[in-house]
Number of protein chains: 2
Amino acid sequence: MNTIKDVAREAGVSVATVSYVVNGTKKVSAEVEARVLEAAQKLNYRPNAAARSLRKSEARILGYELPLPETGDISSFMQRFAYGLTTHAAEAGYHIISFAAVGEDVVQTYRQMILAGRVDGFIVAGTNWHDDRIQFLVKQGFPFVSFGRTAIENPYSYVDVDGYDGLQQVIAHLLELGHENIAFVGWPKDSFSGDSREQGYIDALDSVGLAAQAVERSSNTIEGGYSAARKLITNHPEITAIACVSDVIAIGAVRYLSRHGYHVGQDIVVTGFDDIPLSQYVTPPLTTVTQPLDEVVFQLIDVLTHKIEEDSSYTSQTLLKPTLVIRDSTIGVSNL
Amino acid sequence: MNTIKDVAREAGVSVATVSYVVNGTKKVSAEVEARVLEAAQKLNYRPNAAARSLRKSEARILGYELPLPETGDISSFMQRFAYGLTTHAAEAGYHIISFAAVGEDVVQTYRQMILAGRVDGFIVAGTNWHDDRIQFLVKQGFPFVSFGRTAIENPYSYVDVDGYDGLQQVIAHLLELGHENIAFVGWPKDSFSGDSREQGYIDALDSVGLAAQAVERSSNTIEGGYSAARKLITNHPEITAIACVSDVIAIGAVRYLSRHGYHVGQDIVVTGFDDIPLSQYVTPPLTTVTQPLDEVVFQLIDVLTHKIEEDSSYTSQTLLKPTLVIRDSTIGVSNL
DNA sequence: TTGAAAGCGGTACCAG
DNA sequence: CTGGTACCGCTTTCAA
């Protein structure tokens with residue numbers, strides 16, 4: 001591994017000069033520049049990251065806490081999310097260090113990475129209402145952006161997808177199809193995104209004078225959706241549509257209905273949310289709502305790097321609109 | 001951010017002494033040690049990672065190239081893989097830097113990270129027959145372990161799951177159930193793991209005097225499995241079992257068969273490989289082969305850290321046995 | 001336009 | 001057992 005000294009010697013200049021041309025930080029005569037470049041090339045020179053970090057007090061690394069993979073997870077959204085983060089970060093000149101929050105004190109992991117100067121900022125995903133990590137980072141004044149909102153008052157930067165709007169779109173679609181008895185399957189009451197999707201459902205019905213009387217809750221599993229559908233059908237036989245908070249739950253609901261003689265898409269319709277890969281392969285393919293993943297990731301990195309490099313007080317709150325994807329589960333013509 | 005100097009001042013000792021107690025590298029009197037620890041605690045001290053890296057020429061970071069998420073990917077294996085890597089790496093005192101190989105020259109990314117001293121080693125996944133990355137790393141003599149084998153001759157460390165053995169188990173199970181006309185759906189001929197699973201199928205049949213005459217190939221998609229099943233049924237109406245190289249393909253095959261009047265698990269049986277979460281939710285649940293993910297990840301980190309810390313010439317090649325998981329797609333009783 | 005040298009925060013050798 | 005200090009590789013100020 002050649003150092004800046006080797007390059008300087010090879011090019012017959014000082015280390016300062018090499019630094020200038022490598023970083024483009026100072027004007028250097030064309031002739032000298034060429035010589036340095038050639039020497040650097042020849043010696044396969046790359047500035048040592050640690051030395052540079054130490055000197056400039058910047059790691060050029062972003063921290064990202066991997067969400068705990070849920071057993072039976074059928075999505076792959078977070079995988080694409082992580083991939084998108086790394087590619088966009090790379091374009092901005094950053095690497096991503098991923099870490100897993102160990103047991104007890106999640107915040108402790110964040111604190112140590114900050115104290116060690118390991119990272120210049122964090123991307124925080126999987127936020128919950130009163131997110132400890134966000135409270136901590138806000139208090140520390142350490143750069144971060146979250147994917148998803150929380151109930152925390154202090155201003156901080158986030159990028160989120162408007163689940164409220166997503167469900168408004170879903171309900172508008174169902175109303176247009178003539179449905180009036182529309183049920184909803186939500187998550188347990190604890191997540192910001194779950195609750196705002198539900199609110200979108202409630203308000204959309206309310207705005208046309210319909211009531212949201214049939215609501216079930218379920219964990220984000222196929223089994224959960226299955227039994228939620230059972231309860232709805234049993235307790236509210238009048239319903240003709242079930243809007244679900246997620247595709248996974250919707251798939252469970254469709255399964256229950258199909259097994260019990262309903263032709264989903266005709267007798268009764270079902271919608272999901274997320275547009276997971278599987279949603280187009282189930283029978284019938286699922287009407288759902290898709291999140292602008294690439295835009296989310298781009299914004300996340302853009303906001304964070306701006307905060308780090310330009311203006312540490314920069315705060316940006318972005319709400320992106322999701323898109324309704326209509327498939328056979330709401331407009332099924334024939335369901336074999 | 002307090003430095004070692006601050007701690008030294010606070011404790012009334014030299015920086016050397018602080019370093020000794022923080023790292024436990026030299027004996028220090030109990031009284032001094034206590035004082036230093038207290039000061040460090042009080043000042044919230046954490047050694048600066050860059051400074052330490054620079055001095056010790058070690059990054060305590062491992063590089064991991066994220067596989068490109070395939071559209072329509074239904075698994076989530078690689079997500080759990082990445083999570084497992086991070087947690088095990090953390091236990092060994094390493095962070096994981098993930099990166100995505102940009103377009104043209106994949107190897108270039110590896111080279112630059114090495115030259116910059118960013119990482120102490122690599123975990124290479126998604127290997128192919130003549131993997132450029134592995135050839136490069138072997139030539140460089142840079143520490144790495146791969147998940148998966150290749151055709152490369154030079155010795156290098158890997159951890160892999162024995163797909164050959166997995167298919168032997170599958171076929172043994174099918175033979176036991178009385179099947180004699182067993183087809184196989186493989187991947188296009190290019191992956192080591194695909195080919196060795198296929199060889200397991202061939203040899204298992206061969207060893208009992210049966211021929212492997214019905215083989216189709218398909219990309220790793222549901223659609224691929226669907227049409228592969230169609231071809232098999234059309235060209236080889238005598239078959240009573242289809243062993244697939246992956247769950248995704250198996251799910252496609254099951255779908256074709258179910259749609260065409262077959263009761264999978266009774267009229268005809270199907271097996272997969274990987275035990276993706278979805279495989280237990282399809283109808284009928286899939287008999288498949290599960291990989292010892294946690295053991296894989298543990299070995300990977302263990303071998304790599306050993307190579308980095310103890311003995312750079314250490315080479316270890318581990319082949320782990322997968323486990324057959326029997327579900328209704330081979331022993332279905334009722335397939336409502 | 002170029003270079004000498006200080007210093008980022010640690011580690012570890014060597015002396016006491 | 002404790003401490004002074006050189007040095008890891010780079011950036012950047014200041015002077016020439």
Side-chain angles (χ1 to χ4, degrees), chain A residues 1-40 43-61 93 112-120 309, chain B residues 1-40 43-61 93 112-120 309:
Chain A
M1 240 163 55
N2 287 309
T3 74
I4 198 170
K5 264 190 202 155
D6 301 312
V7 179
R9 191 181 320 111
E10 176 77 22
V13 297
S14 72
V15 294
T17 304
V18 175
S19 178
Y20 298 146
V21 355
V22 167
N23 298 296
T25 38
K26 224 173 184 179
K27 265 223 113 11
V28 162
S29 72
E31 190 251 343
V32 169
E33 174 169 8
R35 239 167 47 223
V36 171
L37 254 19
E38 192 187 2
L43 299 182
N44 240 316
Y45 172 71
R46 286 252 108 196
N48 180 279
R52 188 177 260 183
S53 284
L54 177 58
R55 183 59 231 239
K56 304 187 68 172
S57 321
E58 62 168 33
R60 304 241 57 143
I61 292 179
Q112 296 190 356
M113 297 189 76
I114 295 174
L115 257 17
R118 262 279 188 234
V119 298
D120 300 324
E309 296 171 8
Chain B
M1 240 163 55
N2 287 309
T3 74
I4 198 170
K5 266 189 200 152
D6 301 312
V7 178
R9 191 181 321 110
E10 176 76 22
V13 296
S14 72
V15 294
T17 303
V18 175
S19 178
Y20 298 146
V21 355
V22 167
N23 298 295
T25 37
K26 225 174 183 180
K27 264 225 116 7
V28 162
S29 73
E31 189 252 343
V32 170
E33 174 169 8
R35 245 175 36 230
V36 171
L37 254 18
E38 191 187 3
L43 300 182
N44 241 317
Y45 172 70
R46 286 252 109 194
N48 180 280
R52 187 178 260 182
S53 283
L54 175 58
R55 184 59 233 235
K56 303 187 67 173
S57 322
E58 62 168 33
R60 305 242 47 136
I61 293 180
Q112 296 190 356
M113 297 189 74
I114 295 173
L115 256 19
R118 265 277 187 232
V119 298
D120 300 324
E309 296 171 7

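Throughout, protein chains are lettered first and strands after them, A, B, ... in sequence-line order, and every chain is numbered starting at 1.
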(request) Locate the shortest heavy-atom distance separating Ala50(B) from Ser53(A); write the atom from each residue and the value. (result) CB-CB, 3.6 Å

(message) Let me confirm one number: the CD1-CZ distance from Ile4(B) to Arg52(B), rounded to the nearest 0.5 Å.
(response) 8.5 Å

(request) Work out which heavy atom in Ile61(A) is nearest to a heavy atom in Arg118(B); give both atom names and the distance. (result) CD1-NH1, 3.6 Å

(request) Over all heavy atoms of both residues, which pair between Val22(B) and Pro47(B) is shortest? Give the atoms and the distance, please. (result) CG1-CG, 3.9 Å

(message) With a strict under 4.0 Å distance from non-hydrogen atoms of chain B, what nucleotide opens and what nucleotide closes the contacted stretch of DNA chain C, reading 5' to 3'?
(response) dG9(C) to dC14(C)

(message) Show the nearest heavy-atom pair for residues Arg60(B) and Asp120(B), with the distance to one decimal.
(response) N-OD2, 2.5 Å

(request) Kindly give the heavy-atom pair with the smallest separation between Tyr45(A) and Thr3(A), and that separation in Å. (result) CE1-C, 3.5 Å

(message) A side-chain contact here means heavy atoms from C-beta on lying under 4.5 Å apart; do Thr17(A) and Arg35(A) qualify?
(response) no

(message) Working to the nearest 0.5 angstrom, can you tell me the gap between Leu43(B) CG and Lys5(B) NZ?
(response) 14.5 Å

(request) Would you name the heavy atoms of Ala40(A) and Val7(A) that are closest together and state the gap between them? (result) N-CG1, 3.9 Å

(message) Using a 4.0 Å cut-off on heavy atoms, which residues in residues 6-13 of chain A reach DNA chain C? List them by number, or say none.
(response) Val13(A)

(request) Using a 4.0 Å cut-off on protein heavy atoms (strictly under), produce a 5'-to-3' string for nucleotides 9-16 of chain D with B for base contact, S for backbone-only sugar-phosphate contact, and - for none. (result) BBBBBB--

(request) Could you grab the distance from atom CD1 of Ile114(A) to atom CD of Gln112(A), nearest 0.5 Å is fine? (result) 10.5 Å

